[in-house]
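What follows is one structure encoded as structure tokens, with my remarks underneath.
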Amino acid sequence: MPNFQTADGTTLAYEDYGTGTPIVFIAGWSLFSDMWEHQLYYFLEHGYRCVLLDRRGHGRSDRPSSGYDVDTRADDIATLLEHLDLTGATMVAHSAGGAEAVRYLARHGEARVDRLVLLAAAVPSLLQTEDNPLGVPKEMLDWTLNALRTDRFKWLTERAQGYFATHLGNDVSPALIENEIRRCMSVSPYASLEVQRALMFGDHTADLEALTVPTLIMHGPADQSVPIDPTSRRAARLIANNVYKELPTAGHGMYVTHAAEINADIMEFMKA
């Protein structure tokens, strides 16, 4: 599997398929490049180059003891794009990947990226504050971190149906749900907790306000992992040049349950 080294000597794995205009996929929390299988074939068949990163501590990448802050993870993305000398890219980011994508653009500029797609992204912030009254109370975030430390498998399993919003009729097989839990459990426990911690208490308001690239925002009001009010609905007010779409029956696992709709919308957005 191809890889590259970051500034701190960490070896990160990535996958690179196809030719043409590049799409860079940034995975959600506790997931890695395999999560994008419902997007990969579609965009390859339509003539795009697909680059998929395994963030540090995830997938086939190294498991270092540091570097899980969002700045370092954003710098890892910069190193990947420089390693492959990508330009004119569309960046597609899910959940925690959205925080990494917007921080990358804030820290490294927009010269290599022409468009941004945010899927159920946890930006600008999750934490409830005076400026973010619809955010999640700190006590609930602390409880989640403690639950992950105590029994990560239980926490993931109890939320699996809600993750895909199966109560709204989304057809997801038990095997697929089990496999997604297994993917999450394969991630370094330390990386999982530290990325979650950074996500919960991070603030990307300034990152969003500085964005100038065209941005497609997609989210579902049924998302039980990243509530839509303090994130995408606020992001749509902060990003100057955006297309905003809500998918009424989509949960956090929208990249599976609503793959056909999402893929078509991304394609239309890239061609606009």
Side-chain angles (χ1 to χ4, degrees), residues 1-7 10-28 31-56 58-61 70 72-121 123 207-208 210-218 239 241-243 254-256 259-272:
M1 188 171 182
N3 59 71
F4 64 97
Q5 280 210 332
T6 66
T10 301
T11 298
L12 300 186
Y14 67 93
E15 299 181 29
D16 188 357
Y17 301 96
T19 58
T21 303
I23 306 174
V24 180
F25 292 90
I26 310 299
L31 290 167
F32 47 97
S33 56
D34 289 0
M35 71 166 280
W36 298 112
E37 62 181 288
H38 295 86
Q39 285 68 48
L40 177 63
Y41 294 110
Y42 177 88
F43 288 106
L44 286 176
E45 289 169 352
H46 284 81
Y48 288 87
R49 178 182 180 183
C50 296
V51 177
L52 309 94
L53 173 66
D54 285 358
R55 73 168 55 84
R56 57 178 61 218
H58 293 61
R60 274 74 63 170
S61 291
V70 70
T72 301
R73 288 181 280 126
D75 293 348
D76 291 344
I77 295 173
T79 305
L80 171 64
L81 269 61
E82 292 164 6
H83 174 72
L84 296 175
D85 194 23
L86 297 181
T87 57
T90 295
M91 190 169 287
V92 178
H94 175 256
S95 187
E100 296 167 6
V102 300
R103 183 58 55 87
Y104 160 77
L105 292 166
R107 284 173 67 83
H108 297 276
E110 301 173 351
R112 295 184 179 274
V113 177
D114 284 357
R115 295 173 183 82
L116 174 65
V117 178
L118 297 174
L119 303 178
V123 295
D207 300 336
L208 299 188
L211 279 178
T212 64
V213 296
T215 302
L216 172 63
I217 305 169
M218 303 183 75
I239 300 173
N241 185 6
N242 80 83
V243 176
M254 63 194 302
Y255 55 92
V256 171
E261 182 176 358
I262 287 170
N263 294 346
D265 285 345
I266 293 174
M267 178 70 73
E268 181 182 355
F269 174 68
M270 291 192 297
K271 290 184 174 181

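Because the structure is predicted, anything quoted here is derived from the model rather than measured.
The NE2 atom of His94 sits 6.5 Å away from the CH2 atom of Trp36 when rounded to the nearest 0.5 Å. Atom CE of Met254 is separated from atom CD of Glu261 by 8.0 Å, given to the nearest 0.5 angstrom. The structure places CD1 of Ile77 at 11.5 Å from OG1 of Thr72, a figure rounded to the nearest 0.5 Å. To the nearest 0.5 angstrom, Thr79 atom OG1 is 11.0 Å from Leu84 atom CG. Considering OG1 of Thr11 and CG of Asn3, their distance stands at 5.5 Å, rounded to 0.5 Å. Put simply, CG on Leu44 and SG on Cys50 are 4.0 Å apart, with the number rounded to the nearest 0.5 Å.
Each of Asp114, Val117, Val24 was compared with Thr90 under the side chain to side chain contact (heavy atoms under 4.5 Å, CB included) criterion, and only Val117 meets it.
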- Item | Verdict with reasoning, Glu100 to Arg107, per salt bridge (Lys or Arg N to Asp or Glu O under 4.0 Å) | CA-CA 10 Å; Glu100 296 167 6; Arg107 284 173 67 83; over 6 Å; no

- Task: Run the numbers on Met218 and Ile262 for side-chain contact (heavy atoms from CB on, under 4.5 Å), then give the verdict.
- Result: CA-CA 8 Å; Met218 303 183 75; Ile262 287 170; 3.9 Å; yes

- So Met91 and Leu118, side-chain contact (heavy atoms from CB on, under 4.5 Å) or not? Walk me through it. CA-CA 8 Å; Met91 190 169 287; Leu118 297 174; over 6 Å; no

- Message: Let's go through Glu15 and Asp34 carefully: what are the C-alpha distance in whole Å and the side-chain angles of both, what is the deciding distance for side-chain contact (heavy atoms from CB on, under 4.5 Å) to 0.1 Å, and is it a yes or a no?
- Response: CA-CA 10 Å; Glu15 299 181 29; Asp34 289 0; 3.9 Å; yes

- Message: One pair to check against ring pair (Phe, Tyr, Trp, His ring centres under 6.0 Å): Tyr42 and His46. What are the steps and the verdict?
- Response: CA-CA 6 Å; Tyr42 177 88; His46 284 81; 4.3 Å; yes

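Contact annotation: the side chain of Glu37 never approaches that of Leu40 to less than 4.5 Å [non-hydrogen atoms, C-beta and beyond]. At least one side-chain heavy atom of His83 sits less than 4.5 Å from a side-chain heavy atom of Tyr14. A heavy-atom distance below 4.5 Å is not found between the side chains of Val51 and Ile23. Taking 4.5 Å as the limit, some side-chain heavy atom of Ile266 sits within range of a side-chain heavy atom of Val92. Between Tyr48 and Met270 there is a side-chain heavy-atom pair separated by less than 4.5 Å. A heavy-atom distance below 4.5 Å is found between the side chains of Thr6 and Arg56. Using a 4.5 Å heavy-atom cutoff, the side chains of Leu52 and Tyr17 are in contact. Val123 places none of its side-chain heavy atoms less than 4.5 Å from the side chain of Asp207.
Side-chain polar atoms of Glu110 and Thr212 form a donor-acceptor pair below 3.5 angstrom. A donor-acceptor pair shorter than 3.5 Å can be found between the side chains of Ser33 and Arg60. Using modelled atom types and a 3.5 Å distance limit, the side chains of His108 and Asp75 yield a donor-acceptor pair.
Within 6.0 Å of atom CD in Glu268, 12 or fewer heavy atoms from other residues, nucleotides or ligands are found, so the atom counts as exposed in its surroundings.
The heavy-atom pair separating Asn263 from Phe43 by the smallest distance is O-CZ, 3.7 Å. Contact record, Phe269 with Leu116: CE2-O, 3.7 Å, taken as the closest heavy-atom pair. Of all the heavy atoms in Val113 and Val213, the pair that sits closest is O-CG1, 3.5 Å. Of all non-hydrogen atoms in Gly28 and Ser95, the two that sit nearest each other are CA-CB, 3.9 Å. Arg112 and Tyr104 get closest at one heavy-atom pair: CB-OH, 3.9 Å. Residue Ala121 comes nearest to Gly98 through the heavy atom pair CB-CA, 4.0 Å, listed as atom of the first residue, atom of the second, then distance.
In terms of modelled atom types and a separation under 3.5 Å, the side chain of Thr87 and the main chain of Asp85 share no donor-acceptor contact. At distances below 3.5 Å, at least one donor-acceptor pair connects side-chain atoms of Gln39 with backbone N or O atoms of Tyr255. In this structure a side-chain-to-backbone donor-acceptor pair under 3.5 Å is present from Ser61 to Asp54.
Ion pair Asp76/Arg55 not flagged as a salt bridge, since none of the NZ, NE, NH1 or NH2 atoms sits closer than 4.0 Å to an Asp/Glu carboxylate oxygen.
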